[in-house]
Amino acid sequence: MAEAGEMVLEGRGLKKIYGNGTTEVTVLRGLDLTVHASEFVALLGPSGCGKSTLLNILGLMDEPTSGEVRYEGKLVSAMTEPERCALRNRALGFVFQFDSLMPEFTVLENVVMPARIGNQDLEAAARRGLELLRGLGLEGLQGRFPSQLSGGERQRVALCRSLVNGPKLLLADEPTGNLDRSNGELVFKDLKELARLSGAAVLMVTHNEEAAGYATRVVRMLDGMVINGGGDS
Ligand code: ADP
């Protein structure tokens with residue numbers, strides 16, 4: 001677990017341009033953002049302002065056209081591919097708008113999947129997975145298949161899965177986008193509580209203004225720029 005206040009993630013001068021010439025679209029325009037240990041940062045902005053693009057870059061699923069991303073001070077662009085894979089698998093957790101649980105695996109098997117992919121001790125992962133499920137009162141669902149759960153339950157199982165490897169940072173992209181209001185509130189609440197218990201910082205992007213009430217810091221984005229709350233400058 002990182003020390004409270006320590007910088008976990010730093011993005012500096014991030015630009016992203018898609019296409020070229022007449023098809024060129026500038027989506028990020030030199031954006032700075034930091035996340036410290038123990039923070040729950042909600043990144044709010046209207047649809048199309050570049051939130052998912054930013055999260056894909058910070059989650060090492062895409063590269064910026066220019067600018068730097070550092071995890072715990074280490075420059076991502078200077079890492080080898082195995083180092084980047086290890087970072088993705090162990091230090092980062094992901095939650096997306098759609099739960100993306102694997103239909104042919106049970107709830108517990110889904111929760112331990114990141115540990116299986118990372119070749120880790122599966123018994124220890126199952127214990128941790130059960131603990132996470134229990135934390136949300138979902139332990140009774142461990143043997144069910146995703147098709148036997150409600151949408152809200154599936155997304156809460158996906159939360160447990162994102163934390164099973166004990167990441168330092170959880171990246172969430174519109175995790176309530178597919179849910180009704182009451183299930184959405186439950187997911188925000190559970191996300192906050194599970195991250196606190198696991199010691200993971202959270203960066204959640206959303207257009208849902210209610211997220212602001214759960215965050216320790218709100219960052220606002222508009223048209224490819226952070227307009228306030230970006231952190232250290
Ligand atoms: P948000 O998550 O805030 O809704 P996105 O990051 O998904 O915003 O998209 C920001 C802008 O970038 C949108 O105008 C979108 O059309 C554009 N965009 C996203 N991906 C691509 C791509 N691969 N090629 C061209 N434009 C893209």
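Quick caveat, the model's predicted, so the values are computed rather than measured. Just so you know, ligand 1 is whichever comes first in the structure, and atom 1 is the first atom listed for that ligand.
- The contact set between ligand 1 and S47, taken as ligand atoms under 4.0 Å from a residue heavy atom, comprises 4 (O).
- Less than 4.0 angstrom separates some heavy atom of P46 from each of these atoms of ligand 1: 3 (O).
- In this structure, N110 contributes its side chain and F105 its backbone to a donor-acceptor pair below 3.5 Å.
- Ranking the protein heavy atoms by distance from atom 8 (O) of ligand 1 puts G50 N, 3.2 Å first.
- In this structure, SG in C160 is found 11.0 Å from CD in Q155, a value given to the nearest 0.5 Å.
- Using a 4.0 Å heavy-atom cutoff, G19 is absent from the residues neighbouring ligand 1.
- Using a 4.0 Å cut-off between charged nitrogen and carboxylate oxygen, E81 and R84 count as a salt-bridge pair.
- Using a 4.0 angstrom heavy-atom cutoff, G224 does not count as in contact with ligand 1.
- Inside a 4.0 Å radius of atom 27 (C) of ligand 1 there is at least one protein heavy atom.
- Remark: minimum distance from atom 4 (O) of ligand 1 to any protein heavy atom is reached at G48 N, 2.7 Å.
- Distance alone, capped at 3.5 Å, is enough to place a donor-acceptor pair between the N165 side chain and the P114 backbone.
- Looking at D223, its side chain never comes within 3.5 Å of a backbone N or O of C49 through a donor-acceptor pair.
- Near K51, meaning under 4.0 Å from any of its heavy atoms, are these atoms of ligand 1: 1 (P), 2 (O), 3 (O), 4 (O), 6 (O), 8 (O).
- Here the heavy atom of the protein found nearest to atom 17 (C) of ligand 1 is V27 CG2, 4.0 Å.
- Taking 4.0 Å as the cut-off, C49 counts as a neighbour of ligand 1 on heavy-atom distance.
- Looking from atom 7 (O) of ligand 1 to the surrounding protein, the closest heavy atom is S52 CB, 3.7 Å.
- Between atom OH of residue Y214 and atom CE of residue M204 there is a gap of 9.5 Å, rounded to the nearest 0.5 Å.
- Contact check on R127 versus E131 returns no salt bridge, with no Lys/Arg side-chain nitrogen under 4.0 Å from an Asp/Glu carboxylate oxygen.
- Nearest to atom 18 (N) of ligand 1 among the protein's heavy atoms is Y18 CE1, 3.7 Å.
- At a 4.0 Å heavy-atom cut-off, ligand 1 touches T53 through backbone and side chain alike.
- Here R181 pairs with E210 in a salt bridge; the nearest charged N to carboxylate O distance falls below 4.0 Å.
- Within a 6.0 Å radius of CG in D121, more than 12 heavy atoms belonging to other residues, nucleotides or ligands are found.
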